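Residues: numbered from 1 along the sequence shown. Owing to the predicted nature of the structure, the values given are computational and were not obtained by experimental measurement. We use all heavy atoms of the structure for the numbers below, so side chains are in, but hydrogens, waters and symmetry mates are not.
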Amino acid sequence: MGLSKGNILQTIFGAVDEINKMLAEEERLVKLPNTLLTGDGGSLTSLGLINFIVEVEGRIQKDFGLELNLVEALEAPEEPLKSIGRLAEFVVAQANGGGT
């Protein structure tokens, strides 16, 4: 498929815009690859993370025709949902052949 990290980041940033509409100003995500999503310093509550996952999955499906189950990524040892950049790398790896 040959998706680039840059293309995926733009799609994820679109999801960030949508999620930020639901968050209080002080809880909003910054559109940067190093923005933490989960764990120590992470910005999202568990409900916020689920909403974010659903939004990202939908946008990736719409933009690239790629169906992903990012909930499975919650258990991945490389913690692809730790930051926006890690998530983009995970999606690219999945799109371009499956493994990370």
Side-chain angles (χ1 to χ4, degrees):
M1 187 174 277
L3 296 182
S4 75
K5 184 176 176 183
N7 291 341
I8 296 297
L9 278 173
Q10 290 309 308
T11 295
I12 294 171
F13 290 160
V16 168
D17 286 338
E18 195 61 34
I19 293 302
N20 279 345
K21 293 176 185 178
M22 299 180 234
L23 299 174
E25 189 171 339
E26 65 275 4
E27 297 172 344
R28 291 184 183 148
L29 299 171
V30 179
K31 293 191 296 188
L32 293 171
N34 63 349
T35 296
L36 296 178
L37 301 171
T38 62
D40 292 339
S43 303
L44 295 173
T45 64
S46 55
L47 179 60
L49 181 61
I50 296 302
N51 287 333
F52 181 71
I53 288 171
V54 169
E55 186 66 29
V56 170
E57 285 176 348
R59 286 175 179 266
I60 288 173
Q61 167 69 34
K62 182 175 85 81
D63 291 355
F64 306 107
L66 182 64
E67 288 191 37
L68 293 177
N69 182 352
L70 294 177
V71 172
E72 292 175 357
L74 290 169
E75 299 298 322
E78 64 274 11
E79 298 183 355
L81 291 166
K82 180 83 174 161
S83 70
I84 290 174
R86 280 193 192 182
L87 177 57
E89 290 167 3
F90 179 80
V91 170
V92 169
Q94 295 299 307
N96 294 333
T100 53

Handout entry: Intermediate values then yes/no, side-chain contact (heavy atoms from CB on, under 4.5 Å), Leu87 and Phe52
Key = CA-CA 11 Å; Leu87 177 57; Phe52 181 71; 3.7 Å; yes
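Here the straight-line distance linking atom NZ of Lys82 with atom CG of Leu37 works out to 9.5 Å at 0.5 Å rounding. Here the straight-line distance linking atom CD of Gln10 with atom NZ of Lys31 works out to 8.0 Å at 0.5 Å rounding.
Cluster annotation: Val56 and Met22 are assigned to the same hydrophobic cluster (Ile/Leu/Val/Met/Phe/Trp/Tyr, side-chain heavy-atom contacts under 4.5 Å, transitive). Taking hydrophobic clusters as Ile, Leu, Val, Met, Phe, Trp and Tyr residues chained together by side-chain heavy-atom distances below 4.5 Å, Val30 does not share a cluster with Phe13. By the rule that hydrophobic residues join a cluster once side-chain heavy atoms approach within less than 4.5 Å of another member, Ile8 and Leu32 end up as members of separate clusters.
Each of Ile84, Leu29, Asp17 was checked for a side chain to side chain contact (heavy atoms under 4.5 Å, CB included) with Ile12, and the lone residue meeting it is Ile84. With Arg59 as reference, Glu55 is the one residue of Gln61, Glu55, Glu57 to meet the side-chain hydrogen bond (donor to acceptor under 3.5 Å, both in side chains) rule. When the options Val54, Leu47, Leu49 are evaluated for a side chain to side chain contact (heavy atoms under 4.5 Å, CB included) with Asn51, the one that passes is Leu47.
Between Phe90 and Leu70 there is a side-chain heavy-atom pair separated by less than 4.5 Å. Inter-residue side-chain proximity for Val16 and Thr35 is flagged as unmet; no heavy-atom pair is nearer than 4.5 Å. Annotation: side chain of Phe64 is in contact with side chain of Asn7 (closest heavy-atom distance under 4.5 Å). Side-chain atoms of Leu81 and Leu44, non-hydrogen and from C-beta on, never get closer than 4.5 Å to each other. Taking the side chain as every heavy atom from C-beta outward, Asn20 and Leu23 approach each other to under 4.5 Å.
Leu66 and Ala95 get closest at one heavy-atom pair: CD2-CB, 3.4 Å. Nearest approach of Ala88 to Leu9, heavy atoms of both residues: CB-CD2, 3.7 Å. In terms of heavy-atom proximity, Gln94 sits nearest to Leu68 at CB-CD2, 3.8 Å.
No more than 12 heavy-atom neighbours from other residues, nucleotides or ligands sit within 6.0 angstrom of CD on Glu25.
Salt bridge status for Arg86 with Glu78: absent, with no side-chain N to carboxylate O gap under 4.0 Å.
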